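Nothing here was measured: the structure is a model prediction, and the numbers come from that model.
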Amino acid sequence: PWVAFDTLFNTMIDSVDFSILMFMILLGMVVMLMQESGGTRAYGEWAAKKLKSKRATLVATSLLGALIFVDDYFNCLTVGSVMRPVTDRQKVSRAKLAYLIDATAAPICIIAPVSSWAAAVTSSVPEGSGINGFPMFLRTIPYNYYAILTMVMSLFLIFSGLDYGPMKKHEDNAL
């Protein structure tokens, strides 16, 4: 086991992925600190008092997901732990909560200039290519159809109240 750990550590320390891994570990620690200190519970209780309808709860979930745009994994961990008790009270299925979190986490991070995605894209441009990674990232935002269409679809599902396929089954079970 030690040789495997040593090999993994030495391989990763030479790559950009190691810094992203360490960043993710630190973000996970922040999420656990928020949970253990009662911060997520306090926000959940506040939100439960203010959000009186299922639609308002779903909109708040998406907005919170859009506000936490630093990293998509951090977004999922934070929004999930904060909004789960609130959506449970409004009888939103866990499947729909997971969909909304995923439909805001990655798309927002993909197009946000201050995010782990921007850092990853910027750092992946080969040196000596004559291309600066950050301006390239900014120029590609309008062409990121996945991110744009996923956000549009999630808003459509929230405001139309339409559920279909397996999502409808999960929503019916939650009711």
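- Under the rule for a side chain to side chain contact (heavy atoms under 4.5 Å, CB included), the partners of Pro113 that lie at least two apart in sequence or sit in another chain are Phe134, Leu138.
- Legend: salt bridge (Lys or Arg N to Asp or Glu O under 4.0 Å) pairs involving residues 134-151, not counting sequence neighbours: none detected.
- Scanning for side chain to side chain contact (heavy atoms under 4.5 Å, CB included) contacts around Ala98 gives an empty result, with sequence neighbours left out.
- Smallest separation of non-hydrogen atoms from Arg84 and Leu97: CA-CD2, 3.8 Å.
- Asp88 pairs by the side-chain hydrogen bond (donor to acceptor under 3.5 Å, both in side chains) definition with Arg94, not counting sequence neighbours.
- Proximity of a side-chain donor or acceptor of Asp72 to a complementary backbone N or O of Cys109 within less than 3.5 Å is not detected.
- To the nearest 0.5 Å, atoms CE (Met29) and CD (Glu36) are separated by 12.5 Å.
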Exercise for the section: Take Val82 and Leu64, measure what side chain to side chain contact (heavy atoms under 4.5 Å, CB included) needs, and give me the verdict at the end. Expected result: CA-CA 9 Å; Val82 168; Leu64 186 59; 3.9 Å; yes
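- Counting only residues at least two apart or in different chains, salt bridge (Lys or Arg N to Asp or Glu O under 4.0 Å) contacts with residues 96-110 comprise Lys96-Asp163.
- The hydrophobic cluster around Leu63 extends to Leu58, Val59, Val92, Tyr99, Leu100, Met153, Leu155, Phe156, Leu157, Ile158, Phe159, Leu162, Tyr164, Met167, counting ILVMFWY residues whose side-chain heavy atoms fall within less than 4.5 Å of a member.
- Hydrophobic clustering, defined by side-chain heavy atoms of Ile, Leu, Val, Met, Phe, Trp and Tyr closer than 4.5 Å, groups Tyr145 together with Tyr143, Leu149.
- Atom CG of Asn173 and atom NZ of Lys91 lie 13.0 Å apart (nearest 0.5 Å).
- In plain terms, the two heavy atoms of Ala103 and Met151 that are nearest each other are O-CG, 4.0 Å.
- Tyr146 and Met136 fall within a single hydrophobic cluster, where Ile, Leu, Val, Met, Phe, Trp and Tyr side chains are chained together by heavy-atom contacts under 4.5 Å.
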Problem - Chi angles and distances behind the side chain to side chain contact (heavy atoms under 4.5 Å, CB included) call for Met83, Thr57 - result: CA-CA 8 Å; Met83 294 306 291; Thr57 301; 4.3 Å; yes
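- Within the structure, side-chain hydrogen bond (donor to acceptor under 3.5 Å, both in side chains) pairs that include any residue of residues 47-56 comprise Lys54-Glu171 (at least two apart or interchain).
- For Lys169, there are no salt bridge (Lys or Arg N to Asp or Glu O under 4.0 Å) partners at least two apart in sequence or on another chain.
- Residue Ile101 forms a side chain to side chain contact (heavy atoms under 4.5 Å, CB included) with just one option from Val79, Thr78, Leu77, and that option is Val79.
- Across all non-hydrogen atoms, the minimal contact from Ala147 to Ile111 is CB-CG2, 3.8 Å.
- Pairs of residues two or more places apart, or lying in two chains, never qualify as salt bridge (Lys or Arg N to Asp or Glu O under 4.0 Å) while including a residue from residues 104-122.
- Between the CG atom of Asp172 and the CG atom of Leu175 there is a distance of 6.5 Å, given to the nearest 0.5 Å.
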